[in-house]
There are 4 protein chains.
Amino acid sequence: MTLKNIDQLFQASLAQSDLSAKQKAVLQASLMLFAEKGFERTTTRDIATLAQVSEGTVYKQFKTKQQILDAILQPFITQVFPQAANEFIAELTARPVTSLHAFIQFIVYDRINFGLTNQKQLKVLVQQLLDNGRLLAELGRVFDKVLQGPVKSILDQLQRQGELVNWSHARIFRHIISTVLGYVLPIIILPIADPDVEKITAEATEFLYAGLHQKKA
Amino acid sequence: MTLKNIDQLFQASLAQSDLSAKQKAVLQASLMLFAEKGFERTTTRDIATLAQVSEGTVYKQFKTKQQILDAILQPFITQVFPQAANEFIAELTARPVTSLHAFIQFIVYDRINFGLTNQKQLKVLVQQLLDNGRLLAELGRVFDKVLQGPVKSILDQLQRQGELVNWSHARIFRHIISTVLGYVLPIIILPIADPDVEKITAEATEFLYAGLHQKKA
Amino acid sequence: MTLKNIDQLFQASLAQSDLSAKQKAVLQASLMLFAEKGFERTTTRDIATLAQVSEGTVYKQFKTKQQILDAILQPFITQVFPQAANEFIAELTARPVTSLHAFIQFIVYDRINFGLTNQKQLKVLVQQLLDNGRLLAELGRVFDKVLQGPVKSILDQLQRQGELVNWSHARIFRHIISTVLGYVLPIIILPIADPDVEKITAEATEFLYAGLHQKKA
Amino acid sequence: MTLKNIDQLFQASLAQSDLSAKQKAVLQASLMLFAEKGFERTTTRDIATLAQVSEGTVYKQFKTKQQILDAILQPFITQVFPQAANEFIAELTARPVTSLHAFIQFIVYDRINFGLTNQKQLKVLVQQLLDNGRLLAELGRVFDKVLQGPVKSILDQLQRQGELVNWSHARIFRHIISTVLGYVLPIIILPIADPDVEKITAEATEFLYAGLHQKKA
DNA sequence: AATGAATGAGGGTTCATTCAT
DNA sequence: TATGAATGAACCCTCATTCAT
């Protein structure tokens, strides 16, 4: 069974770390608070309180508040995102790609759900990405990796079939991502209560398909 | 002569305000510092020093540090963006819309330049948008307004001509914006030294045109 | 009129500094507390309270607690001790040196009084000298300077008269200092209530005279 | 074979105590660290680490950090110093006292060597003596005791022979100690690399002999 | 007995904000 | 009006001490 939720992936990542239960609670609480109020406005006392732990315990494992943030971000880069990518790839390869439209529809639906399921976590990440170029760079590397595996062969196949425009895979990905984010980010930021996922998916898919499919000569 | 630079618009906005020269210097300095280091990491002493003003003076006009931020953000909403929108509209109406492709090309080129010219200011804004939903909402209202004026008639015309897909203007705008941001935001965040504006414009235009033009029956 | 009291010299040193009244109060309070409880056991809150000042004010002038200590020690080196040395020299030159015995008697009496009058200040200094070799080195330089001026001519003269042993002035000084400290330091550390200055002076003088005067062939 | 080194005496003192090996390691490590960085700047974690012991173990025997210091200081008072004194006395009695000059020369040479061999330990002690008057008082009692045994008879004999001035033994001792410390303490504090023991001994002996021997009528 | 994770009071320091001059 | 010294709450972090295992 696949995990579609960053929380679960984050838990799993924590589970296989050598941190004690309390240290994990610290990271957990930090994630919540950083998402809610931002890094700067979260105090170490807040963290300790929410984690039901003393302030001293917070600093047992992590030397500084910044290291807590790093400890949260690092698994995102090295674990959560690759893992999410892998599962995404797994689902992709599980089903035979019948057409470009089906492919786009799947991706859009999958990623929109992913985004909406993990609103809180994405918010922290986006905030940090803004003054942490390194983070974005590493995230870029994850995308590159995704673009190598089965995605590459699917795109190649679709291009060979003359269904998909002959652009670089990176460019195609950029368009897909920005279109999806065009729907997801506003929802994350304002928070919109009940987004109509079906409608969103339909709209994004329709636009992307039109933009990416090969026009017949 | 038109202003393409937020700085100039911001100056102009300040000029017609009833703030003293020192208060303007405070806002100016605050903008610089908030962009550079973020709101939280900027101290009122930093601001006073850069503005060549005493800390007391900073608090003469603004009751709190937060009010300084508001004072910067408010003109963005009420002045800078509408002004930018108006100029954008003015340029748009100045030239007769010959075709959807030309229209898209113009918008994309114009907005990409706008974005790249104002990287610093946009960074502050994006940062604030993340934990200030109200800001995004107001920004949305500005967009709505832009979508009423000449843009509306242009889009209507293009749709009547059968060139532009029959989607809502808001949706069309969303696709344009997200596609442009897909190129601009990475440049703002990492900072990429010399972006190839021509290539970016060509790619975004090509994709948007394909995605938005009406397929003949 | 001469100042025999480090407190007064310290005040005078403060008076001609550009520190505000509150900053001076901070240094004053720090001196008291460092003497009483030691540097480490004195908190910045203690200092603020005794100085009748907020903790923020303590840090207006001095960036760290250590800098407060430095600010106290530095004038000791550059002002208080040279000043004390100068006054000592002045008194020395004021009276014609009639004999080695009178010379020793005067020095011993003067320095013992100096030490007993400034017990508290000396205690801070001695404590700091222990883990601040630089301080001792600079103090050494002050002694060197004292050994140049009129003291030099007096010792030279006494040696030429065949009254004083033909040792280096530094060595002679070392013996004088250690003998005086042999009486003064125990009083400073335990604190002995009412030291018999007359008796102490007599004993130290008798011993030093015996040790330092030239035995006739 | 005699022990001239406080370390060895301290070891011996530990050996006959009922402390476990780990507790001894704690005291050992504490001594090292207190000497190096001072009591306040030494953390219990430092001690535990150097002693290769857990922090819990440190607190098994000693209720507080202060008790560790006490546990170190107490043997100095009750064991190390008396032991050192006894050995000093033993050596003294082993050789017949031929003259005042030989007596002084022996003491000076012996104590200067003692001081230079145990620089680190003396530094801790001196530091503690400064804000621990009780310690100095007890040290005084040790001196008193030394002044009772064979030293007393030697001094008596020298005084009867008309070689040694007729001052109280305490006073004579004070002069000897302060003269020796006048050479030893500066070496301990700055640390001077290679002190010329021969020269120091010669100088101190010469001065003390002149100061203490009986002038013929 | 030994461990070391956990505690929490308190330390030095910062900084938004106030106010006497 | 403008200043910047002064304030003090609150921050991040340390460390002596405790206690479950």
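A, B, ... follow the sequence lines: proteins, then strands. Residue 1 opens every chain.
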(request) Report yes if some heavy atom in the side chain of A:I72 is under 4.5 Å from a heavy atom in the side chain of A:S30; otherwise report no. (result)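 Yes, side chains in contact.
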(request) Could you check if a side-chain atom of B:Q128 sits within less than 4.5 angstrom of a side-chain atom of B:L69, using non-hydrogen atoms only? (result)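 Answer yes - side chains close enough.
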Any side-chain N or O of [X] less than 4.0 Å from the OP1 or OP2 oxygen of [N]?
X	N	value
D:K63	F:dA16	no
A:T57	E:dA5	no
A:S20	E:dA5	no
D:K65	F:dA16	yes

The side chain of [X] is closest to which nucleotide in this list: [options]?
X	options	value
A:K60	E:dA6, E:dA16, E:dT14	E:dA6
A:Q23	F:dT3, E:dA6, F:dA16	E:dA6
D:K22	E:dT17, E:dT7, E:dA2	E:dA2
C:S54	F:dT17, F:dG8, F:dT3	F:dG8

(request) Please determine if D:K37 and D:D46 form a salt bridge, counting it only when a charged side-chain N lies under 4.0 Å from a carboxylate O. (result)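 Answer for the salt bridge query: yes.
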(message) Would A:K123 pass as a cation-pi partner of A:F34, given that its NZ or CZ must be under 6.0 Å from the six-membered ring centre and within 45 degrees of the axis?
(response)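 Judged by the rule (NZ or CZ under 6.0 Å from the ring centre, within 45° of its axis), A:K123 is not positioned above A:F34.
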(message) Would B:K65 and B:F39 count as a cation-pi pair here, with the cationic atom under 6.0 angstrom from the ring centre and within 45° of the axis?
(response)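 Cation-pi check for B:K65 and B:F39: passes.
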(request) For A:V53 and for B:G56, locate the closest nucleotide of DNA chain E by heavy-atom distance; then report the residue assigned to the nucleotide nearer the 5' terminus. (result)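 Upstream on the strand: A:V53.
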(request) Check whether more than 12 heavy atoms from other residues, nucleotides or ligands sit under 6.0 Å from atom CD of C:Q67, and answer yes or no. (result)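 More than 12 within 6.0 Å, yes.
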Atom [atom1] of [X] to atom [atom2] of [N]: distance rounded to whole Å?
X	N	atom1	atom2	value
B:Q61	F:dT3	CD	C1'	17 Å
C:Y59	E:dG12	OH	P	6 Å
D:F62	E:dA1	CZ	P	13 Å

(request) Find the partner of E:dG12: check Watson-Crick (N1-N3 plus N6-O4 or O6-N4) and G-U wobble (N1-O2, O6-N3) distances, both under 3.5 Å, and reply none if neither fits. (result)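 F:dC11 is the nucleotide pairing with E:dG12.
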(request) State the pairing partner of F:dC19; accept Watson-Crick or G-U wobble contacts with both distances under 3.5 Å, and report none otherwise. (result)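 In the structure as shown, F:dC19 has E:dG4 as its Watson-Crick or wobble partner.
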(request) For DNA chain E, determine which residues of residues 32-48 of chain B have any heavy atom closer than 4.0 angstrom to one of its atoms, and list them numerically. (result)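 The answer is B:T42, B:T43, B:T44.
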(request) Measure from the side-chain N and O atoms of A:T49 to the backbone N and O of A:R45, and report whether any donor-acceptor pair falls under 3.5 Å. (result)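 Yes; judged by distance alone, with no hydrogens or angles, the pair exists.
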(message) Which is more 5' along DNA chain F, the nucleotide nearest A:Q66 or the one nearest B:Q52? Just name the residue.
(response)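 Its nearest nucleotide lies further toward 5', so the answer is B:Q52.
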(message) Counting distance alone, no hydrogens or angles: does the base of F:dC12 have a donor or acceptor under 3.5 Å from a partner atom on the side chain of A:E55?
(response)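 Answer no: no donor N or O sits under 3.5 Å from an acceptor.
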